[in-house]
Amino acid sequence: MEWLQQLINGISLGSIYALIALGYTMVYGIIKLINFAHGEVFMIGAFIGFYSIAGWGFGFIPALLLSMTVCAIIGVIIERVAYKRLRTATRIAALITAIGVSLLIQNGVIYMRGAQPEAYPEVLANKSYNLFGAQISSQAILILSVALVLMIILQFIVHKSKIGKAMRAVSYDSEAAKLMGINVDTTISATFAIGSALAGAAGVIFGIYYTKIDPLMGVIPGLKAFVAAVLGGIGIIPGAMVGGLVLGVVETFVSALGFSLWRDAAAFVILILILIFKPSGIFGKNTREKV
Amino acid sequence: MKLKKFAGIFAATTLALGVLAGCGADGGKSTDGASTGGSKDSDAIKIGVNLELSGAVASYGTSEADGIQLAIDEINAAGGVDGKELKIIKVDNKSDAAEATNAAIKLTTQDKVVAIIGAATSGATVAQAQIANDNKTPLISPSGTSPTVTVQDNGDVNEFVFRTSFIDPFQGTVAANFAANDLKVKTAAIFSDNASDYSKGLAASFKKDFEAAGGKIVLEESYLAKDSDFRSTLTNIKGANPEFIFIPGYYEEVGLIVKQAREMGIDVPLMGADGWDSPILIDLAGKEALNNTFTTNHYSSEDPDGKIQEFSKKFEEKYGKAPDAFNALGYDTVYLLVDAIERAGGPDSVKIKDALAETKDLELITGLYSVDENHHPIKSATILEYKDGETVFKTKVNP
């Protein structure tokens with residue numbers, strides 16, 4: 001039953017990637033910006049969760065909600081301060097700014113609290129269940145269910161709510177949306193808020209499942225989530241979810257086959273292959289550029 | 001009585017000079033006044049101390065400096081060495097290899113010390129090795145555990161460089177013997193950090209000696225530092241069904257490995273080395289998960305040995321806390337040097353070097369010490385066991 005166990009390991013890892021990838025994909029879908037600071041919002045979310053649990057004695061749900069709220073605000077601030085002015089600039093300028101913001105946040109956090117890692121307090125009792133001979137921990141079940149619930153809520157917001165409708169309109173054609181009376185700025189802020197809140201939630205879940213958090217923890221999961229978003233088709237919400245899960249499972253099986261040192265490489269090989277063979281991702285349609 | 005007073009004045013002077021050194025704009029130069037100041041200087045034996053007193057690994061250096069100070073005070077209070085005072089000239093190398101080199105040049109050429117103690121880390125010690133050889137000044141690192149500290153890449157031994165601590169691969173040997181002889185396990189898995197020479201060295205020596213002792217390595221896996229998901233590899237290890245797992249890594253990853261292994265139902269004994277030694281390990285892994293895990297270390301303050309208990313008590317009186325391994329290593333280094341000075345018949349650097357190279361069965365706090373032809377110590381290691389988040393002295397293993 002080792003394969004089942006590995007599948008469970010992979011899905012748990014993948015659902016964290018998926019949660020981060022959702023934020024990437026939403027922002028890209030709306031303003032065509034790869035927000036490299038997204039991994040840092042994830043890190044901040046983990047730290048807010050840590051301080052609210054260890055410092056103020058919050059439970060899991062209040063800590064999760066607080067972390068999501070603060071991250072949403074931070075996401076909006078990042079957008080207003082760093083990206084808004086560059087909306088008409090070249091895409092490379094916005095991309096470089098995103099990398100700059102990412103480094104600024106990392107080093108800002110190191111400056112404020114030092115670079116030493118922190119161990120997450122045990123806020124949820126961890127029990128192991130036996131599933132056909134494989135061990136599944138209650139925390140893994142929790143990760144998966146929180147990820148699923150958040151994704152369902154997200155799908156609901158995007159397809160049923162007014163702001164979701166505005167988002168889809170802006171993503172389709174922001175100029176036309178403006179002519180139709182949609183407040184583009186508010187819509188973009190809302191996108192950043194929702195995407196960042198998901199990253200914050202992923203941070204708290206990551207902390208609980210993997211225990212160790214540090215100011216540079218956002219770098220690798222951030223890149224992996226980017227790969228997941230591209231894999232699923234950047235800009236497509238169900239694509240990010242599937243991409244995240246696929247990536248988690250692939251990485252786990254690479255380790256399981258005895259190539260544990262190659263797991264990071266595997267993720268980026270996937271990125272290269274997908275960019276060569278199907279740049280629009282698993283869920284993307286091949287649209288021909290109009291000349 | 002007179003002697004005590006004398007020692008008191010001496011200690012006060014050193015302290016004042018230390019403070020002055022701290023204030024000086026250039027830590028490397030400000031202690032110079034010391035060598036020209038007192039009239040007793042011709043009688044004093046000058047020992048250079050070149051440690052990481054600030055910078056990234058300052059906690060190692062300052063711990064060792066405390067241990068050194070305690071030993072120096074003790075020896076001077078008891079009349080010094082052959083009636084001569086010991087005098088230390090302390091320099092901060094700021095946890096930087098280039099600074100360590102500068103400090104070594106200053107100590108050997110300007111202060112003309114008979115020997116240098118330091119640095120705490122292997123890198124900063126290697127940086128001074130050439131200077132020690134060129135100036136024929138013995139250099140003793142209290143805690144540089146890399147074999148390259150005393151043996152150059154081409155196999156030549158650094159004639160004037162010694163160390164107090166055991167070398168890294170030795171801990172692998174001790175762990176292998178402990179697993180095979182004390183825990184009596186027949187099969188083991190190794191899970192090492194592929195990004196660290198320390199971890200790879202330990203894994204290699206563990207493998208060699210565990211197999212020599214009749215054991216079988218069922219699986220060898222590695223991880224990369226900064227990883228946080230070890231579950232897939234641990235699933236493989238669990239599938240191989242070893243009776244024992246050797247994890248020679250640093251606490252940041254080891255803490256997570258131990259936690260995830262226990263969650264997956266791996267309940268066999270786990271073992272590591274001094275890289276585990278940190279309070280953060282306990283936070284990361286959790287107290288319960290750490291039960292039935294063992295580490296090798298230089299020393300334990302809970303060792304019932306009378307000499308260690310006496311040292312612990314003296315240290316606690318002076319500094320108000322229990323001594324850690326670095327305190328003990330700093331303290332031992334002074335005694336190792338003093339023993340060599342006594343056998344050399346005086347403060348002659350070359351004779352001291354010869355005496356150091358012949359050290360045999362010297363009783364130190366961190367174990368019975370002899371030196372081999374590579375200037376690697378042959379000494380005992382302590383094995384600690386984690387019990388409910390506390391390290392408990394388990395046994396002492398001789399090489």
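Values reported hereafter were calculated over all heavy atoms of this structure, with side chains retained and with hydrogens, waters and symmetry mates removed. Here is the naming used below: chain letters follow the sequence lines, and residue numbers restart at 1 for every chain.
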- Query: Are Asp283(B) and Glu118(A) side-chain neighbours, meaning at least one heavy-atom pair lies under 4.5 Å?
  - Reply: no
Rounded to the nearest 0.5 Å, the CD atom of Glu251(A) sits from the CG atom of Asp229(B) at a distance of 8.0 Å
Between the CG atom in Leu234(B) and the CG atom in Asn9(A), the distance rounded to the nearest 0.5 Å is 9.0 Å
Output for pair (Tyr210(A) OH, Leu284(B) CG), nearest 0.5 Å, gives 15.0 Å
Correct closest heavy-atom pair for Gln6(A) and Ser232(B) would be NE2-O, 2.9 Å
Okay, Glu221(B) and chain A: the region with an atom under 4.5 Å from a heavy atom over there is side chain
Turns out that what part of Leu261(A) lies under 4.5 Å from chain B's heavy atoms comes down to both
So, the part of Thr252(A) with a heavy atom under 4.5 Å from chain B: the answer is both
Bottom line for Gln139(A): the part with an atom under 4.5 Å from chain B's heavy atoms is side chain
The interface call for Leu256(B) against chain A, heavy-atom contacts under 4.5 Å, is side chain
Interface check, chain B: of Pro221(A), Gly258(A), Ser137(A), Ser260(A), most non-hydrogen pairs under 4.5 Å belong to Ser260(A)
Interatomic distance, OG@Ser228(B) vs CD1@Ile213(A), rounded to 0.5 Å, equals 11.5 Å
Closest non-hydrogen atoms of Lys226(B) and Lys212(A), given as atom of the first, atom of the second and distance, are CA-NZ, 4.5 Å
Rounded to the nearest 0.5 angstrom, the CZ-OH distance for Arg231(B) and Tyr209(A) is 3.5 Å
